[in-house]
Structure formats: structure tokens, C-alpha cells
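Quick notes on the structure that follows.
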Amino acid sequence: MKIALLGKGKTGSKALELISQRDDLEVTIFDSKNTPTKSKLEGHDVVLSFLTGDIFLQYMDEISQSGICVVSGSTGFEWTPERLKLVADSKAAWIHSNNFSLGMNLIKQMINILSKADALFTNSNFSIHEIHHTKKLDAPSGTAKAWQDWLGHDSQMTYERIGDVVGTHELTLETDNEKIFLRHEALDRKIFAEGALWACDQVLRLEPGLHDFSNVALKALSEDKND
Ligand SMILES: NC(=O)c1ccc[n+]([C@@H]2O[C@H](COP(=O)([O-])OP(=O)(O)OC[C@H]3O[C@@H](n4cnc5c(N)ncnc54)[C@H](OP(=O)(O)O)[C@@H]3O)[C@@H](O)[C@H]2O)c1
């Protein structure tokens with residue numbers, strides 16, 4: 001598989017490290033000195049983006065015109081109808097995730113259980129706190145927003161920006177007399193690179209259109225169980 005890697009910064013460089021350990025993968029690096037255009041993307045199987053969201057959006061037109069499958073980890077923007085049209089126009093499959101950690105799929109199931117707290121408690125309050133490095137541009141993180149969506153409840157969202165913290169998310173359920181914490185700590189950016197490369201293998205088998213990584217991963221988990 002030939003991967004067009006957009007961005008070789010803190011996270012993209014981890015993807016590059018893993019790609020160079022695999023004989024079945026080839027890579028072209030795109031950054032501010034070698035920007036991605038339709039013609040330069042030609043011949044690749046998958047575009048893998050770890051550009052920041054604002055820069056990714058600048059290239060979305062060219063990427064769409066290339067008609068190549070996309071795995072995007074770029075964060076900090078919404079999928080507006082105009083952007084979804086670019087995905088549809090590309091006639092290729094795209095996988096997006098704000099958090100490619102494979103462990104996040106277990107978290108999604110745990111949040112689903114916690115979301116049922118109202119059935120047991122008359123008074124339950126949820127809050128989500130996230131911590132990231134000081135260079136992160138968006139806040140609260142896309143992952144914190146995804147947790148809120150999965151929860152399906154209003155929750156208080158807070159964040160901190162500290163040193164080089166890779167990414168910590170904590171959901172607290174507080175009732176009158178107890179507290180439950182669900183905490184995920186990313187220790188190394190490699191976890192995002194691993195999940196994103198797994199998604200590169202998957203995206204080639206998907207129908208055209210935008211796919212959410214957590215749905216793709218959960219489907220793979222349930223298919224594996226049926227084997
Ligand atoms: N989904 C996930 O699992 C996940 C996990 C971690 C991070 N992220 C997200 O991934 C994104 C990147 O994060 P990061 O911390 O790795 O960023 P980063 O270290 O700042 O790296 C950004 C990269 O973008 C390139 N770039 C900047 N301006 C450009 C331009 N005009 N044209 C082309 N390339 C350009 C930079 O290249 P130069 O060196 O040439 O400037 C650099 O390689 C963020 O949105 C972050 O939130 C997602």
C-alpha cells in the first residue's frame with residue numbers, strides 16, 4: 001500500500017516510524033515544503049492526514065479531486081454539508097477520527113453503560129475533563145466532544161493545557177453519595193499512529209462516503225467474534 005502522509009509533526013512522525021517498520025508500506029511525505037496537490041497525490045492508495053484541522057481544510061478540495069481513500073486524524077473542525085459534499089464528490093471512502101486510539105472503542109462501550117445511570121439514581125451529574133499539551137489548537141478536544149455525544153447527556157466540560165501531555169480524558173459520574181471515574185490516558189502518540197494505520201487497511205474495503213472510526217472498529221470487533 002502506498003500512503004500519502006500529510007504532516008510529519010508530533011503525531012505524523014509516529015506514523016512514519018511505524019510505516020518504515022513495515023515492508024508492505026511505501027510512503028510519500030507532504031508538509032509545508034511539499035504541499036499535496038491532485039497530481040502529486042496520484043498513484044497513492046490512501047491519504048493519511050495528521051495536519052492540523054485548519055490546514056487539512058485548505059487541501060480538502062485537492063484531496064477530494066484525487067479520488068483517493070482518506071484516513072484523517074485532523075481535528076478542530078465540523079463536517080459541514082459543504083465538506084461532506086467534497087467527500088461524496090471524491091467517490092472514495094474516508095475514515096475520520098478525533099482519536100485513533102484502539103482502546104477508545106472499549107471506552108465507548110463503558111460510556112454507554114454509564115449513560116444509563118438515570119435508571120438507578122435520582123440525582124446523577126456528569127462532567128468531562130481533558131488535558132493536552134500547550135500546542136493543541138482546539139479546546140475542548142474533539143475526543144471530549146465525542147464522549148459527550150456517546151453519553152447523550154449534558155455534562156460540564158473543562159480542559160487544561162499542560163507541558164507535553166499527549167492526551168488525558170476523564171468522565172466523572174457524581175451521585176448524592178458516590179463518584180465513579182472513567183479515565184483514559186494516552187502515554188505515547190504511537191497509539192494514534194497504530195490505530196490510523198489499522199484504519200488505512202480498513203478504508204480500502206469500505207463503501208464510498210465518510211465513516212466514523214469507532215463504528216468501523218466496532219464492526220470489525222463483532223465480525224471477529226462471529227468467526
Ligand atoms: N485523531 C487522532 O488520533 C489524533 C491524535 C493526535 C493528534 N491529532 C491531531 O492531529 C493534528 C496534528 O497534530 P500534531 O500535534 O502532530 O501537529 P504538529 O506537530 O504541529 O504537525 C503539523 C504538521 O503539519 C505540517 N504543516 C503545517 N503547515 C502546513 C501547510 N501549510 N501545508 C502542509 N503542511 C503543513 C507541518 O509541517 P512543517 O514541519 O513543514 O511545518 C507538520 O508536519 C491536530 O489536529 C491534532 O489535534 C489527532
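None of the values given here were measured: they were computed from a predicted structure.
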Query raised in the report: So does Lys2 pair up with Glu42, basic N to acidic O under 4.0 Å?
Result: no

Requested in this report: Is it possible for you to say whether Trp79 and Phe213 belong to one hydrophobic cluster, with membership spreading through side-chain heavy-atom contacts below 4.5 Å?
Outcome: no

Report task. Using atom types as modelled and distance alone, determine if a side-chain donor or acceptor of His132 lies under 3.5 Å from a backbone N or O of Gly167. Result -> no

Query raised in the report: Can you tell me if Asn98 and Thr75 form a side-chain donor-acceptor pair at under 3.5 Å?
Result: no

Requested in this report: Using salt bridge (Lys or Arg N to Asp or Glu O under 4.0 Å) as the criterion, list what pairs up with Asp201, not counting sequence neighbours.
Outcome: Arg22

Query raised in the report: Relative to each other, are the rings of His169 and Trp147 parallel, tilted or perpendicular (30° and 60° limits)?
Result: tilted

Query - Output field: ring centroids Trp94/His211 closer than 6.0 Å - result: no

Query raised in the report: Heavy-atom count around Phe77 CZ within 6.0 Å, excluding the residue itself: above 12?
Result: yes

Query raised in the report: Taking atom types as modelled and ignoring hydrogens, do the side chains of Asn99 and Ser97 form a donor-acceptor contact shorter than 3.5 angstrom?
Result: no

Query raised in the report: Side chain of Ser124, backbone of Phe121: donor and acceptor closer than 3.5 Å?
Result: no

Query raised in the report: Distance only, no hydrogens: is a donor on one side chain within 3.5 Å (strictly under) of an acceptor on the other, for His129 and Thr172?
Result: no

**Report entry** Any side-chain donor near an acceptor of the partner, Ser155 and Gln148, under 3.5 Å
**Finding:** yes

Query - Residues, nucleotides or ligands: over 12 heavy atoms within 6.0 Å of Glu78 CD - result: no

Report summary line: Connected to Ile131, directly or through other members, by ILVMFWY side-chain contacts below 4.5 Å are Ile162, Val165

Report task. Group every Ile, Leu, Val, Met, Phe, Trp and Tyr by side-chain heavy-atom contacts under 4.5 Å, then state whether Ile29 and Leu18 land in the same group. Result -> yes

Query raised in the report: Does atom CG of Asp149 have more than 12 heavy-atom neighbours, drawn from other residues, nucleotides or ligands, at distances under 6.0 Å?
Result: yes

**Report entry** Pair Lys85 + Asp89, salt bridge at N-O below 4.0 Å
**Finding:** yes

Requested in this report: Mind checking salt bridge (Lys or Arg N to Asp or Glu O under 4.0 Å) for Asp118 and listing every partner two or more places apart, or none if nothing turns up?
Outcome: none

Query raised in the report: Is Ile68 linked to Leu48 within one hydrophobic cluster, defined over Ile, Leu, Val, Met, Phe, Trp and Tyr using a side-chain heavy-atom separation of less than 4.5 Å?
Result: no

Query raised in the report: Counting only heavy atoms not in Lys108, do more than 12 fall under 6.0 Å of its NZ?
Result: yes

Query raised in the report: Quick one: do Phe50 and Leu25 end up in the same hydrophobic cluster if we chain Ile, Leu, Val, Met, Phe, Trp and Tyr together by side-chain heavy atoms under 4.5 Å apart?
Result: yes

Requested in this report: For the pair Lys10 and Asp164, find out whether any cationic side-chain nitrogen is under 4.0 Å from an anionic carboxylate oxygen.
Outcome: no

